[in-house]
There are 2 protein chains.
Amino acid sequence: MTTPGYPVPMEWRELDLGNCSVAATLSLVGERWTLLILREVFAGLHRFDEIADHLGISRRVLTERLKQLVDAGLLERRSYQEAGQRSRPEYHLTPRAHDLQWVLAALLQYGDTHLGDTANAPVLLEHSGCGGHVHVELRCTCGQEVAGSAVEPALGPGAVRVSS
Amino acid sequence: MTTPGYPVPMEWRELDLGNCSVAATLSLVGERWTLLILREVFAGLHRFDEIADHLGISRRVLTERLKQLVDAGLLERRSYQEAGQRSRPEYHLTPRAHDLQWVLAALLQYGDTHLGDTANAPVLLEHSGCGGHVHVELRCTCGQEVAGSAVEPALGPGAVRVSS
DNA sequence: TCACCTGGGTTCCACTTCGAAACTTAGAGG
DNA sequence: CCTCTAAGTTTCGAAGTGGAACCCAGGTGA
């Protein structure tokens, strides 16, 4: 039942994905719209109507996603009050959410490189204070930068075999 | 209508997202299962039943996603023939797909850091040949490594204002 | 030549999720 | 108490999903 000749150990197909970090992260932010909502918050939109209008998402789905993100601890509800208005909620990133910047940056960089005009990116990532531009890279413990094609998934110490 | 005090220029809410690279990349790989399928192929599974069985995805959806990925130029159909069997298709990554390694690596790293036992990752990324481990990092043109919280989206030269 | 096996899909159906638009709600101000 | 506003809810037809059964092409053995 094994297929010799593949670069990855044959045990990959026995790896229990219930344990997999990619799947876990996707179950947190992998639904339609979730990452785009987070990106809007990263970009400085914090209010329901702002996000709904800019993204063109249905209000029903936005309600649901915001609730999930708050429950997941990625967004935090704060109150704001504009003059002459009652207090309303605003959504802000939690520290846990800041580390999703890597995911968003990787998606942005892929789109800029392969799906758009590389020289005319609509959005840039700036390094706060410094003003330089930020990009994503893969780096090996050996110190070198690594190409995507030079990376191979391997089973780690926490790998669990499927039970069934 | 603008909200002073935010770090991002007020024009963000006027940015036309039809042009946005994050949205473009997500429309390519943002559907449920798509990234997990690609990860299986990265890991060395290339055949319909292998992927369906390991992922637990319905065969109907797998058929659809593979077709989309081939149409999008991320997967390539090749034929293989096992002794005593007719020739059947296998799915392999195209060069364009290799650059999605950044996205997968970022998702993996987030899950390892925030959702699992960091010291016992089920999957590691190895640098081909070298044997070292690969991680994702954000780096500024100034040369420094950058934290997720120190990155701010900014409008680039290709930014387009919404028409409506 | 014909039944059988295998892997790679299709088909069908019940169920969930989505999008669009209308509707509701809780204060603040007049 | 009437109105205004932002933040949801509701409703309903359309689209997407999971599961299981079914189909199909080509290679084999009888």
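By convention in this document, chain letters (A, B, ...) are assigned in the order of the sequence lines, proteins followed by strands, and residues within each chain are numbered from 1. Everything numeric in this text was worked out from a predicted model, so none of it was measured.
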Output yes when a side-chain donor or acceptor of A/His46 lies under 3.5 Å from a complementary backbone atom of A/Tyr91, and no otherwise.
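Answer holds: yes.
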With distance as the sole test, does B/Glu90 use its side chain to make a donor-acceptor pair with the main-chain N or O of B/Tyr80 at under 3.5 Å?
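Looks like no, no N/O pair under 3.5 Å.
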Find the distance [X]:[atom1] to [N]:[atom2] and express it as a whole number of Å.
X: B/Phe48; N: C/dT6; atom1: CZ; atom2: C1'; answer: 14 Å
X: A/Arg60; N: D/dG8; atom1: CZ; atom2: C1'; answer: 12 Å
X: B/Glu50; N: C/dG9; atom1: CD; atom2: P; answer: 13 Å
X: A/Leu55; N: C/dG19; atom1: CG; atom2: P; answer: 11 Å
X: B/Ile57; N: D/dG19; atom1: CD1; atom2: P; answer: 11 Å
X: A/Arg47; N: D/dG8; atom1: CZ; atom2: C1'; answer: 16 Å
X: A/Leu62; N: C/dT17; atom1: CG; atom2: P; answer: 17 Å

Evaluate the side-chain proximity of A/Pro122 to B/Ser21: yes if any heavy-atom separation is below 4.5 Å, no if none is.
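The answer is yes, as the side chains (C-beta and beyond) meet within the 4.5 Å cut-off.
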With a 4.5 Å limit on heavy-atom distance, are the side chains of B/Val22 and A/Leu35 in contact?
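With C-beta onward as the side chain, the pair stays apart.
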Ignoring hydrogens and geometry beyond distance, is the side chain of B/Arg88 in donor-acceptor contact with the base of C/dT6 at under 3.5 Å?
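Result: at least one qualifying N/O pair found.
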Has the side chain of A/Arg59 got a donor or acceptor that lies under 3.5 Å from a partner of the other kind on the base of D/dA7?
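Side chain to base: pair found, below 3.5 Å.
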Which listed nucleotide ([options]) is nearest to the side chain of [X]?
X: A/Arg86; options: C/dT25, D/dT17, D/dT9; result: C/dT25
X: B/Gln85; options: D/dG8, C/dG9, C/dT6; result: C/dT6
X: A/Val61; options: C/dC18, D/dT5, C/dG8; result: C/dC18

Give me the ring orientation class for A/His98 and A/Phe42: parallel if the planes are under 30° apart, tilted from 30 to 60°, perpendicular past 60°.
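The rings of A/His98 and A/Phe42 stand perpendicular, inter-plane angle above 60°.
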For the student: nearest non-hydrogen atoms of [X] and [Y], plus distance:
X: A/Ile57; Y: A/Trp33; answer: CD1-CG, 3.6 Å
X: A/Val151; Y: A/Val146; answer: CG2-CG1, 3.7 Å
X: A/Cys140; Y: B/Cys130; answer: SG-SG, 3.6 Å
X: A/Leu62; Y: A/Phe48; answer: CD2-O, 3.5 Å

Heavy-atom contacts under 4.0 Å between residues 63-81 of chain A and DNA chain C, which residues?
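Close to the strand are A/Glu64, A/Arg65, A/Gln81.
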Residue-phosphate contact under 4.0 Å: B/Tyr91 side-chain N/O, C/dG9 OP1/OP2
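Looking at the OP1 and OP2 atoms of C/dG9, one of them is under 4.0 Å from a side-chain N or O of B/Tyr91.
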By a strict heavy-atom criterion of less than 4.0 Å, which residues belonging to residues 18-37 of chain A are in contact with DNA chain D?
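Heavy-atom contacts with DNA chain D come from no residue of residues 18-37 of chain A; none.
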